[in-house]
Amino acid sequence: MISSNPFGDFRAACNAALSEAFLKSFPDIPIETFLLEIPSNLEFGELTSPVFFELAKKIPGIEPRKLADKVANEVNTGSFPLLKAAKAAGAGYVNFYVDFHKLCELTIESTRILNKTYGFVKTEEAKTIIVEHTSSNPISPIHIGQARNPILGDALAHLLEARGHKVFRHFYIDDVGRQTAVVAYGYKVLGQPALKGKSDHDIGAIYSITSCISEIHRLKRAIKMETMDSETLQQLRNQQEEWDPIAAELEKKHPRLFKKLSQKLEQTKDIENMVNDLNRNYEEGNEEAKKLIRKVCQISLQGIRQTLTNAEVYFDSWDWESDLIWNGSVTGILEELKKSDYVFQRGPVLEFDADRVAEDLLLKKKIGVKDDYEIPSLTLIRGDGTTLYTTRDISYTLWKFKKANKVINVVGMEQLLPQQQLKLALWALKHNKQADNLTHFAYSLVTLPGYKMSSRRGRYITFDEVIDESQKRALEEVEQRSPHLSEKEKHQISKVVGLGALKYALVEVDPAKPVVFTWERVLNLKGNSAPYIQYTYARARSILRKAHEKPKQPNYSLLDEPLEKDLVLGLARFPEIFIDSADNLKPNAIADYTNTLAEKFNSFYNSEPVVKVKPIELRDARLALVEATSIVIQNSLWLLGIVSPERM
RNA sequence: GGGCUCGUAGCCUAGUCUGGAUUAAGGCGCCGGCCUUCGGAGCCGGAGAUCAGGGGUUCAAAUCCCCCCGAGCCCGCCA
């Protein structure tokens with residue numbers, strides 16, 4: 001007999017037994033559901049129910065413990081094979097004890113048979129889900145401040161897929177907007193040269209420098225104008241003082257490029273206007289503008305794709321923002337919105353009254369804001385007729401809902417307001433179902449101590465550099481620890497371990513919490529890290545290789561050591577952990593679980609011999625346990641996009 | 001000014017949604033042990049926390065409510 005969720009089966013048995021017993025003891029008292037939780041200590045059983053404290057209130061004059069005693073006595077363990085005993089304890093608990101030998105056999109055999117699918121309990125409500133993630137601007141490389149996005153997005157996609165949903169991973173190419181026009185303009189004045197370095201890095205440099213020079217030009221011109229008061233003038237001067245050192249930094253970093261771009265841009269009287277024209281032309285579908293901006297984005301994307309491939313993050317679809325404009329869907333949505341009564345004109349600008357939508361349709365609570373909080377309005381169309389990011393995102397979102405019934409946007413927490421406005425726009429358009437099924441998976445950004453990253457200012461550490469460094473450090477470790485391995489093997493291992501360490505460091509923490517990036521954090525090879533878990537896997541596999549043969553005659557009732565019991569319980573609980581992690585979008589729970597499991601396994605094999613132990617029935621039971629553990633580690637690391645190496 | 005998020009040993013985190021058991025769980029770092037025994041990226045042990053602070057609800061609070069302090073972010077015709 002096998003089970004897709006051994007501990008879940010035990011939980012179900014406890015629940016049924018408890019309901020039955022309670023019904024016998026107190027037929028008149030209706031019970032909703034029994035809370036069953038994992039007790040602090042194994043002496044209190046494998047599951048415990050504290051509900052008698054609550055229930056005692058409903059029955060006058062009875063103490064929780066008395067109630068627990070009465071119910072515990074009525075529990076009929078005979079009809080539930082996994083349930084060995086139920087005992088009242090403490091001030092009013094009923095503790096449930098599992099038949100360990102049965103659970104043990106069920107867990108280990110299920111794991112070995114289900115193998116790469118063990119733990120991945122399928123949902124009964126399979127959906128088609130689009131996970132949109134990363135979507136970094138095609139104007140600069142992905143930097144470490146953004147790197148949490150692909151890691152989290154990929155882990156979410158794995159989780160949902162394993163849960164039985166149909167998942168599509170989408171990258172939204174944000175090619176519309178001023179920033180692409182800036183870099184395209186810089187690229188154009190350079191004469192559209194072939195690039196020598198990694199393309200996204202080169203485009204990123206052109207972007208920062210063009211943006212910086214343009215900003216300084218604008219400020220200089222503004223300062224020359226005499227029609228302003230001294231306060232405004234001072235503000236402009238302050239801004240200029242901010243940009244001057246940035247220019248110096250960029251010049252130092254890219255001397256030749258900086259010199260060339262400055263010379264070329266010197267000839268442009270008003271860079272800002274040229275950029276704005278280019279942006280407008282692009283939106284209008286002007287062929288020359290299309291050719292130029294698409295080219296620059298393609299070049300940059302080539303590098304970004306390379307980075308993501310190195311990180312082993314893949315996409316099913318690359319969606320161009322500009323397509324939504326050119327095919328008329330943005331205009332269509334705007335027309336619809338205008339009919340909705342929630343848009344208004346403010347001078348030349350079209351605004352969306354997000355607050356009134358929320359008020360009228362009673363949505364404030366639903367989107368998580370207080371009743372008296374006034375949601376700022378959203379600008380839909382600029383004075384010059386061009387659209388804004390969130391405007392376009394409305395039609396992108398509806399496009400995604402044509403292909404899926406649930407959409408998860410992996411977007412930084414700082415974009416909470418536009419994501420709320422977007423949702424409200426869907427309600428204003430009467431797309432209630434879509435609004436309800438749109439999830440903003442918000443996470444905090446990665447920061448560097450004492451350093452403010454900014455693509456526009458050219459101040460960032462790229463994801464590429466961090467991957468390289470992490471893998472380089474891993475290689476040094478492999479060279480030192482496993483000199484006997486072939487060069488090829490050493491390289492393969494260091495790739496997997498270096499990348500694993502990086503991913504783990506970014507996925508391990510609750511997404512709501514900020515991560516401060518330090519090398520110490522990523523390059524941790526000891527406890528609570530991917531290398532620690534990977535090492536545990538490699539050791540387990542090594543033991544299995546040493547045994548030469550598959551366990552043939554395991555007798556699971558010989559597994560009686562506390563360390564064995566603890567490990568088996570860990571394996572049995574994996575499916576429940578997985579379900580919670582997938583349904584509540586908590587990839588960090590998997591990281592935490594896997595690390596704990598690795599600790600249990602390390603303790604086990606350090607004190608209990610496996611290969612050489614006698615009798616053979618015990619040896620085989622332990623071998624099967626080792627095999628099962630290796631499977632669960634591999635499966636859970638897979639969810640996080642981390643590879644388990646056979647050796648390291 | 002308004003809003004969102006976070007605050008747990010020197011440092012990094014789990015637990016908070018759904019309140020439960022006289023020791024608040026891990027990791028890093030620190031101190032002390034373990035290699036003629038399946039790979040020491042390991043194992044075992046130790047020291048280290050009034051769960052930011054104050055009040056409240058409860059038989060029971062890191063967890064729920066109120067107040068307050070501190071940090072980050074948002075409130076743009078940027079994305």
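Residue numbers begin at 1 in each chain, while the letters A, B, ... track the order of the sequences.
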In short, E46(A) meets R573(A) closest at the heavy-atom pair O-NH2, 3.9 Å
Inset, instruction - Would you classify V478(A) as touching base, sugar-phosphate or nothing, given that sugar-phosphate means primed atoms plus P, OP1 and OP2, and contacts are heavy atoms under 4.0 Å? - result: base
**OP:** Verify the neighbour count for atom NZ of K490(A): are there more than 12 heavy atoms of other residues, nucleotides or ligands below 6.0 Å?
**Re:** yes
The Watson-Crick or G-U wobble partner of U57(B), with both key distances under 3.5 Å, is none
* Asked: Which is true for P64(A) with a 4.0 Å heavy-atom rule: it touches a base, it touches only sugar-phosphate, or it touches nothing?
  -> nothing
Rounded to whole Å, CD of E599(A) lies from P of C28(B) at a distance of 9 Å
Does P376(A) reach a base, just sugar-phosphate, or nothing at all? Heavy atoms under 4.0 Å. sugar-phosphate
By the Watson-Crick or G-U definition, both distances under 3.5 Å, U37(B) is matched with none
Among the nucleotides C75(B), U23(B), G76(B), whichever has the atom closest to the side chain of T379(A) is G76(B)
- Query: Above 12 or not: heavy atoms from other molecules or residues under 6.0 Å from CD of E561(A)?
  - Reply: yes
To the nearest angstrom, the CG-P distance between N606(A) and C35(B) comes to 13 Å
**Report entry** Sugar-phosphate only, base, or nothing, as touched by R392(A) at under 4.0 Å among non-hydrogen atoms
**Finding:** sugar-phosphate
Rounded to whole Å, the CG-P distance (L47(A) to A21(B)) equals 15 Å
| task | Please determine if R280(A) and E283(A) form a salt bridge, counting it only when a charged side-chain N lies under 4.0 Å from a carboxylate O. | result | no
| field | Chi angles and distances behind the side-chain hydrogen bond (donor to acceptor under 3.5 Å, both in side chains) call for D353(A), S377(A) | value | CA-CA 5 Å; D353(A) 194 343; S377(A) 70; over 6 Å; no
- Would you please confirm or rule out a distance under 4.0 Å between OP1 or OP2 of C73(B) and any side-chain N or O of K452(A)? yes
Rounded to whole Å, CG of N595(A) lies from C1' of C28(B) at a distance of 12 Å
Scanning both residues in full, the closest heavy-atom pair of V507(A) with L152(A) reads CG2-CD2, 3.9 Å
Regarding N95(A), tell me which of base, sugar-phosphate or nothing describes its non-hydrogen contacts under 4.0 Å with the strands shown.
base
### Query
Base, sugar-phosphate alone, or nothing: which one does I381(A) contact when heavy atoms must sit under 4.0 Å apart?
nothing
Nearest heavy-atom approach of I367(A) to K423(A) is CG2-CD, 4.5 Å
Each nucleotide of nucleotides 2-16 of chain B classed B (base within 4.0 Å of a protein heavy atom), S (only sugar-phosphate) or -, in 5' to 3' order, makes SSSSSS----SSS--
### Query
Given the C1' atoms of C6(B) and U16(B), what is the spacing between them in whole Å?
13 Å
Under 4.0 Å, counting only non-hydrogen atoms across every strand here, what does E608(A) touch: a base, just sugar-phosphate, or nothing? base
For G1(B), the nucleotide meeting Watson-Crick or G-U wobble distances (both under 3.5 Å) is C75(B)
Against the side chain of S603(A), the closest entry in A21(B), C75(B), C43(B) is C43(B)
Note: contacts of residues 134-147 of chain A with RNA chain B (heavy atom, under 4.0 Å) are N137(A)
Separation of the P atoms in A60(B) and G19(B), to the nearest angstrom:
15 Å
Classify S542(A) by what it touches in the nucleic acid, base, sugar-phosphate, or nothing, heavy-atom distance under 4.0 Å.
base
When rounded to whole Å, the CZ to P distance for the pair F44(A) and A21(B) reads 9 Å
Per atom distances to the N524(A) side chain, the nearest of C28(B), G39(B), C38(B) is C28(B)
- prompt: So N528(A) and Y504(A), side-chain hydrogen bond (donor to acceptor under 3.5 Å, both in side chains) or not? Walk me through it.
  reply: CA-CA 9 Å; N528(A) 197 17; Y504(A) 190 88; 2.7 Å; yes
To the nearest angstrom, the CZ-P distance between R218(A) and C78(B) comes to 12 Å
Atom CD of Q421(A) and atom P of C78(B) are separated, to the nearest Å, by 14 Å
Per side-chain contact (heavy atoms from CB on, under 4.5 Å), V182(A) is matched among I139(A), L278(A), V275(A) by V275(A)
- Could you go through the side-chain hydrogen bond (donor to acceptor under 3.5 Å, both in side chains) check for Q421(A) and T390(A) one step at a time? CA-CA 8 Å; Q421(A) 291 166 327; T390(A) 308; 5.2 Å; no
R481(A) atom CZ is separated from C35(B) atom P, nearest whole Å, by 20 Å
Comparing T390(A) with K526(A), nearest RNA chain B nucleotide closer to 5' gives the residue K526(A)
Under 3.5 Å: donor-acceptor pair, side chain of S300(A), backbone of P138(A): yes
chi for C35(B) classified (syn = within 90 degrees of 0, anti otherwise) as syn
From the candidates G39(B), C78(B), C73(B), the one with an atom nearest any side-chain atom of E414(A) is C73(B)
When we call it a touch if two heavy atoms are under 4.0 Å apart, what does F53(A) touch: a base, just sugar-phosphate, or nothing?
-> base
By nearest-heavy-atom nucleotide on RNA chain B, the more 5' of Q179(A) and V497(A) is V497(A)
**OP:** Could you work out the separation of A9(B) and A14(B) based on their P atoms and round it to a whole Å?
**Re:** 13 Å
Answer for the Watson-Crick or wobble partner of G70(B), both distances under 3.5 Å, is C6(B)
Please determine whether any donor N or O and acceptor N or O are separated by less than 3.5 Å between the side chain of T48(A) and the base of A21(B). yes
Taking C38(B), A41(B), G39(B) as options, the one with an atom nearest any side-chain atom of K612(A) is C38(B)
Checking N1-N3 plus N6-O4 or O6-N4 for Watson-Crick, or N1-O2 and O6-N3 for wobble, each under 3.5 Å, the partner of G32(B) is C44(B)
*Select base, sugar-phosphate, or nothing to describe what T536(A) touches, counting heavy atoms under 4.0 Å on all strands.*
nothing
In terms of heavy-atom contacts, N588(A) and E508(A) come closest through CB-O, 3.2 Å
Quick check against the 3.5 Å criterion: does R459(A) have a side-chain atom that pairs as donor or acceptor with the backbone of K452(A)? no
- Query: Do N602(A) side-chain and A41(B) base share a donor-acceptor contact under 3.5 Å?
  - Reply: no
